[in-house]
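This chain uses plain numbering: 1 for the first residue, then up along the sequence.
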Amino acid sequence: MDSSLRPSRTRYGVVVFAVILGIIHYIDRVCISKARPFIQEDLKLDDTQMGYVFSAFTLAYALFEIPGGWLGDKWGPRRVLLRIVMFWSFFTAATGYAWNQMSMMVCRFLFGAGEAGGFPNIAKMFSVWLPQREHGMAQGITWLFARWGGAFTPLLVVWVLSMVSWRMTFVIFAFLGVIWAVFFALWFRDNPKDNPKVNAAELALLEDAQKNLGGGHAKIPWARLFATRSVLLLWVYYFCISYVWYFYITWMPKFMESKEGLGMDMTATSTSILNGLPLFLGGIGCFLGGLVAKKLAAANGRISAARRTVGVLGMLAAGLLIVAAAQTKNATYAMLALGVSGFFNDLSMPGAWGACMDIGGKLAGSVSGSMNMVGNLGGALGGVAVPWLMKSMGLGWDGVLYVAASTYLISALCWAFIDSDQRLHE
């Protein structure tokens, strides 16, 4: 066959850039949980004060999701991603120069504001550069490596902290985003037609995707977002799972090391591996979730029904495993249960982001940004809820886990009624 008639594969370059950015995104975000003991000791912060530091990031991350996605819809992902990656890299470095709780909260808030637009603009980039049938797999691969970036961060931070201070650790990690931005600026263009390596056959595959190019609307389509049932259900679902997920990257090391929790030695390499297990297995769940949904859709002809099945079963299994972690008295078994719970949590991730892209169409950035915004409000709640549940409500770590498990039941109910065949523009 004439090579000129075969579609080129230049479009997969956007997946490579998305994967690397997802890894950097999670390294910069997760490293603070492993550096937490050093930060608390140096800045004289108690657990409640540290909870506010965690939530400062998550609150900003939530509040700036829709503006970040909207800007991607309006200006295109290239301009937005270059600006926000440089912005969040600056405040990653600035975190290392914080001198008290307030300065730390300001740095983490502005860092969160920068990171907020990352994944919505990746979704926007995919919606233009990839045909619809590749959306789910691209999201699955991206989230696989993003989660793995977070999973290996505890080991990476321990290694870096063995050589430099916690302050210099944040400065070192900041340069990762700067390097990514340089190469992205040289390669990526908003319109695949502007890349000379994309041949005519590949452009033909992207004919429908061209309808999703930026410049489509002047303001955030709030009325349409609130009028679309599946968008509202995606919001609630993501709020619930983010509440649990942020436990993994904020308070789980405290749960592991405290005598009232698992009483584990956090300096041991095996403990760091267990600490990253929910994110590591979650990454595998992201990849398999997209693959399983694709196989189910091929069997029954409906991607929406396939995503719904994966979502419901994944949420129910994740909740049951957290209950199992709360009931077992063996620390290793508890962490294994939480790790497998992370796997089932993330089975639904590609389907959720793929649903945002399909429902949103030209407004994919706004829809995915709105879901991530509401989700991270759940994450912000989780940052302050754990010390509140334990101090004010008198719950132990078991109670904290039972509250987390209950949110998965709500998520399963949401997935039972999510229909990604709905369209925001209809």
Side-chain angles (χ1 to χ4, degrees), residues 26-58 91-109 111-112 149-174 245-280 325 331-332 334-335 338-339 342 379-380 382-391 396-397 400-401:
Y26 270 62
I27 288 176
D28 289 350
R29 186 197 303 192
V30 175
C31 65
I32 194 170
S33 67
K34 197 65 178 178
R36 175 193 56 79
F38 303 97
I39 295 171
Q40 286 189 261
E41 180 181 0
D42 195 8
L43 302 185
K44 305 297 187 292
L45 305 180
D46 60 26
D47 286 348
T48 300
Q49 290 172 314
M50 197 66 202
Y52 285 121
V53 171
F54 288 149
S55 291
F57 159 79
T58 317
F91 284 103
T92 298
T95 301
Y97 291 91
W99 62 92
N100 58 17
Q101 181 194 6
M102 184 54 66
S103 62
M104 179 65 78
M105 288 178 63
V106 169
C107 286
R108 298 311 288 177
F109 183 89
F111 165 70
F152 289 108
T153 295
L155 289 171
L156 178 62
V157 174
V158 167
W159 178 63
V160 175
L161 284 172
S162 69
M163 297 181 288
V164 299
S165 68
W166 70 266
R167 295 181 181 277
M168 187 54 62
T169 298
F170 283 95
V171 176
I172 291 171
F173 288 157
W245 190 85
Y246 270 90
F247 171 78
Y248 294 145
I249 65 168
T250 55
W251 289 113
M252 191 166 71
K254 180 78 173 181
F255 164 64
M256 295 173 68
E257 71 182 6
S258 67
K259 293 181 180 179
E260 298 81 8
L262 300 180
M264 304 180 77
D265 177 11
M266 296 304 290
T267 63
T269 301
S270 59
T271 306
S272 292
I273 292 173
L274 289 172
N275 185 20
L277 198 59
L279 275 70
F280 178 80
T332 301
M335 288 306 302
L338 289 175
V384 296
V386 170
W388 177 78
L389 288 170
M390 298 185 72
K391 289 186 177 181
W397 285 109
V400 170
L401 293 178

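Between N275 atom CG and F255 atom CZ the span is 11.5 Å, to the nearest 0.5 Å. Note: M252 CE to L274 CG = 9.0 Å, rounded to the nearest 0.5 Å. From L277, atom CG reaches atom CG of L338 across 9.0 Å, with rounding to the nearest 0.5 Å. Here the CZ atom belonging to F111 is positioned 7.0 Å from the OG1 atom belonging to T95, to the nearest 0.5 angstrom. Here the straight-line distance linking atom NZ of K254 with atom CD of Q40 works out to 6.0 Å at 0.5 Å rounding.
Nearest approach of C31 to F170, heavy atoms of both residues: SG-CE2, 3.4 Å. The minimum heavy-atom distance linking M50 with L45 is given by the pair SD-CD1, 4.1 Å. In plain terms, the two heavy atoms of A334 and L262 that are nearest each other are CB-CD2, 4.0 Å. Closest non-hydrogen pair, M105 versus A56, comes out as O-CB, 3.6 Å. Summarising the geometry of A98 relative to W166, their closest heavy-atom pair is O-CH2, 4.5 Å, with the distance given to 0.1 Å.
The main-chain N or O of F91 is never found under 3.5 Å from a side-chain atom of R108 such that the two would form a donor-acceptor pair. Listed for the S165 side chain is no donor-acceptor partner under 3.5 Å among the backbone atoms of L161.
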I would like to know whether M163 and M168 meet side chain to side chain contact (heavy atoms under 4.5 Å, CB included); could you show each step before the answer?
CA-CA 10 Å; M163 297 181 288; M168 187 54 62; over 6 Å; no

Under the criterion side chain to side chain contact (heavy atoms under 4.5 Å, CB included), I'd like the reasoning laid out for L401 against F247: C-alpha separation, chi angles, the key distance, then a yes or no.
CA-CA 9 Å; L401 293 178; F247 171 78; 4.2 Å; yes

Does the pair V164 and V171 meet the rule for a side chain to side chain contact (heavy atoms under 4.5 Å, CB included), with working shown?
CA-CA 10 Å; V164 299; V171 176; over 6 Å; no

What's the verdict on side chain to side chain contact (heavy atoms under 4.5 Å, CB included) for Q49 and L43, showing C-alpha distance, side-chain angles and the deciding distance?
CA-CA 10 Å; Q49 290 172 314; L43 302 185; over 6 Å; no

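Ring planes of W245 and Y26: perpendicular class, angle over 60° (limits at 30 and 60°).
Considering only heavy atoms from C-beta on, F57 stays 4.5 Å or farther from I32 through its side chain. A 4.5 Å side-chain heavy-atom check between L156 and F173 finds at least one atom pair inside the cut-off.
Counting only residues at least two apart or on different chains, the ring-ring contact (aromatic ring centres under 6.0 Å, His included) pairs with a member in residues 36-56 are F54-W251.
Judged as a side-chain contact (heavy atoms from CB on, under 4.5 Å), and not counting sequence neighbours, the contacts of E260 are S258, W397.
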